[in-house]
Amino acid sequence: MTRQQPIAVLGGGSFGTAIANLLAENGHHVLLWMRDPEQAESIRTLRQNPRYLKGVEILAQVEPTTDLSSTLDACELIFVALPSSALRQALQPFAAQLGGKMLVSTTKGIEADGFMLMSQILEQIAPHARIGVLSGPNLAREVAEHALTATVVASQDEALCRSVQQVLHGRTFRVYASADRFGVELGGALKNVYAIMAGMAAALGMGENTRSMLITRALAEMTRFAVKLGANPMTFLGLAGVGDLIVTCTSQKSRNFQVGYALGEGLSLDEAVSRLGEVAEGVNTIKVLKCKAEELQVYMPLVAGLHAVLFEGRTLDQIIGVLMRGEPKTDVDFISTDGF
Ligand SMILES: NC(=O)c1ccc[n+]([C@@H]2O[C@H](COP(=O)([O-])OP(=O)(O)OC[C@H]3O[C@@H](n4cnc5c(N)ncnc54)[C@H](O)[C@@H]3O)[C@@H](O)[C@H]2O)c1
Ligand SMILES: O=P(O)(O)OC[C@H](O)CO
């Protein structure tokens, strides 16, 4: 990648906007692609995103655009910050332009059909592209407001990891590298489900002991599931595993947490999602994950419990009763270091 070449960010939501600004602060010309011409025009003239990250100034080096084809042609490094529900549909028509490009997914979701992570979809659409993921405890607003933040770029393509580190590393944003793309990406997708539970617990006035139990048992479940899929459990001890789980399960800024909070206040799932008006990936992930856990016969009582409350008509009291009275278990039973 030459220094003069622009960098693309696809998706004009909270995270796309935050990443675009970080790149611009580091001196890069950024093409921020979004589908809505009015939003693009508003950014061009007001230097603010009218809908997301209100109050954050979008730097002059960030050029909003609605022309995806020209954006892909102009850039070799492309960050994808689209919702998981939109990624395939948005990029499939441009597959021929993606060969040889560095595609870095920041999207934390799972496609139901085939249980596919976003980088796997990118790989399927563009088999000749170079693929990576960026994931970690990265609340968009905090990134945009320069809270000291760390993230992980994961790919087996070391040069891609180095490129991403070079362009994003800055005064307030630190980028670690990992070769475990699957584990890093899976951690980012799974933690959203547990953040919904944490939001519910907070709304119901449950205490810090409860939150700590939830986070720790969530880590156990996530890791057990990941190991069954062949992932390296050690990745779940890093920023993209427990790091992201902590921030999303403890912050009111997390949209998944907010959905859970609204549910805890008595709103229906539909009401909670529409009150949010932004993406909360955990709502889809819970369905996909419940199916996959059953198929693989992985013990995931928290996932089963949340699914029962949201989609099977069970009450939270019933589920809490089942969880607390369940057969006693061993504490750290989910990490086998055999082979790692
Ligand atoms: N916001 C965060 O703190 C954060 C941090 C890290 C990762 N992520 C991940 O980034 C992804 C995007 O999240 P976000 O927070 O930016 O969402 P958001 O709700 O803030 O914005 C979503 C954006 O996607 C656009 N969009 C929706 N469907 C589209 C389509 N078909 N074609 C083109 N654009 C479309 C919307 O117009 C909107 O601009 C999610 O997977 C999320 O998990 C978010
Ligand atoms: O706001 P959420 O719940 O989508 O979480 C945002 C990021 O994934 C936190 O790392």
Side-chain angles (χ1 to χ4, degrees), residues 6-72 74-75 77-87 89-91 103-109 118 134-149 151 164 167-168 170-173 175 188 192 247-248 251-259 273-283:
I7 297 172
V9 177
L10 311 186
S14 323
F15 202 58
T17 304
I19 289 291
N21 246 6
L22 275 186
L23 293 164
E25 275 165 22
N26 288 346
H28 299 282
H29 174 201
V30 183
L31 296 180
L32 176 59
W33 173 79
M34 59 204 69
R35 61 182 169 166
D36 179 0
E38 276 180 33
Q39 187 191 14
E41 186 53 27
S42 190
I43 294 178
R44 215 169 277 124
T45 52
L46 304 174
R47 302 317 303 175
Q48 289 218 4
N49 193 321
R51 179 127 190 246
Y52 304 96
L53 299 181
K54 289 214 173 92
V56 171
E57 185 199 343
I58 300 179
L59 300 181
Q61 296 94 317
V62 176
E63 183 183 335
T65 173
T66 53
D67 186 342
L68 184 51
S69 180
S70 310
T71 302
L72 298 176
C75 302
L77 176 55
I78 298 159
F79 291 90
V80 184
L82 294 165
S84 61
S85 56
L87 183 142
Q89 164 210 339
L91 289 178
L103 303 179
V104 181
S105 170
T106 71
T107 303
K108 294 174 174 175
M118 297 303 115
L134 189 81
S135 191
N138 300 157
L139 294 164
R141 179 160 286 280
E142 294 202 358
V143 170
E145 292 178 345
H146 301 113
L148 301 184
T149 298
T151 196
V164 171
V167 298
L168 274 178
R171 190 172 52 84
T172 60
F173 199 74
V175 186
N192 289 327
V247 83
T248 321
S251 174
Q252 303 263 1
K253 293 173 196 151
S254 153
R255 284 91 39 94
N256 289 288
F257 185 100
Q258 287 171 36
V259 165
V273 167
S274 72
R275 180 165 98 177
L276 179 70
E278 294 184 28
V279 170
E281 294 276 11
V283 173

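Just so it is clear, the values below take in all heavy atoms, side chains as well, and ignore hydrogens, waters and symmetry mates. In this text the structure is predicted, and so the values were computed from the model without any measurement.
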Checklist entry - Is a side-chain donor-acceptor pair under 3.5 Å present for Glu63 with His29? => result yes
Next on the checklist: Side chains of Asn256 and Thr248: any donor to acceptor distance under 3.5 Å?
Outcome noted: no
Side-chain heavy-atom pair [X], [Y] within 4.5 angstrom cut-off:
X	Y	value
Val56	Thr17	no
Val143	Thr151	no
Asn21	Val62	yes
Phe79	Val30	no
Leu139	Ser254	yes
Arg255	Ser14	yes

Give a yes or no answer on whether the side chain of [X] reaches the backbone of [Y] with a donor-acceptor pair at less than 3.5 Å.
X	Y	result
Thr66	Met34	no
Gln258	Gln252	yes
Asn49	Gly12	yes
Arg141	Lys54	yes
Glu142	Thr149	no
Thr107	Gly109	no
Asn192	Ala280	no

How many angstroms lie between atom [atom1] of [X] and atom [atom2] of [Y], to the nearest 0.5 angstrom?
X	Y	atom1	atom2	result
Glu25	His146	CD	NE2	3.0 Å
Phe173	Leu22	CZ	CG	5.5 Å
Glu41	Leu46	CD	CG	9.0 Å
Gln89	Leu91	CD	CG	10.0 Å
Arg51	Ile43	CZ	CD1	12.5 Å
Ile7	Leu31	CD1	CG	9.5 Å

Minimum heavy-atom distance between [X] and [Y], given as atom pair plus value:
X	Y	answer
Ala90	Leu68	O-CD2, 3.7 Å
Pro6	Cys75	O-SG, 3.4 Å
Lys108	Gly136	NZ-O, 2.9 Å
Asn138	Phe15	O-CE1, 3.6 Å
Met118	Ser105	CB-OG, 3.5 Å
Ala18	Ala140	CB-O, 3.7 Å

Checklist entry - What do the steps show when you test Val164 against Leu77 for side-chain contact (heavy atoms from CB on, under 4.5 Å), and what is the final call? => result CA-CA 8 Å; Val164 171; Leu77 176 55; 4.2 Å; yes
Item to check | salt bridge (charged side-chain N to carboxylate O under 4.0 Å, His left out) against Arg47, all qualifying residues, sequence neighbours excluded | outcome: none
Next on the checklist: Does Leu23 form a side-chain contact (heavy atoms from CB on, under 4.5 Å) with Leu168? I'd like the steps, not just the answer.
Outcome noted: CA-CA 6 Å; Leu23 293 164; Leu168 274 178; 3.6 Å; yes
Checklist entry - Between Leu72 and Leu10, is a side-chain contact (heavy atoms from CB on, under 4.5 Å) present by the stated rule, with each step listed? => result CA-CA 9 Å; Leu72 298 176; Leu10 311 186; 4.2 Å; yes
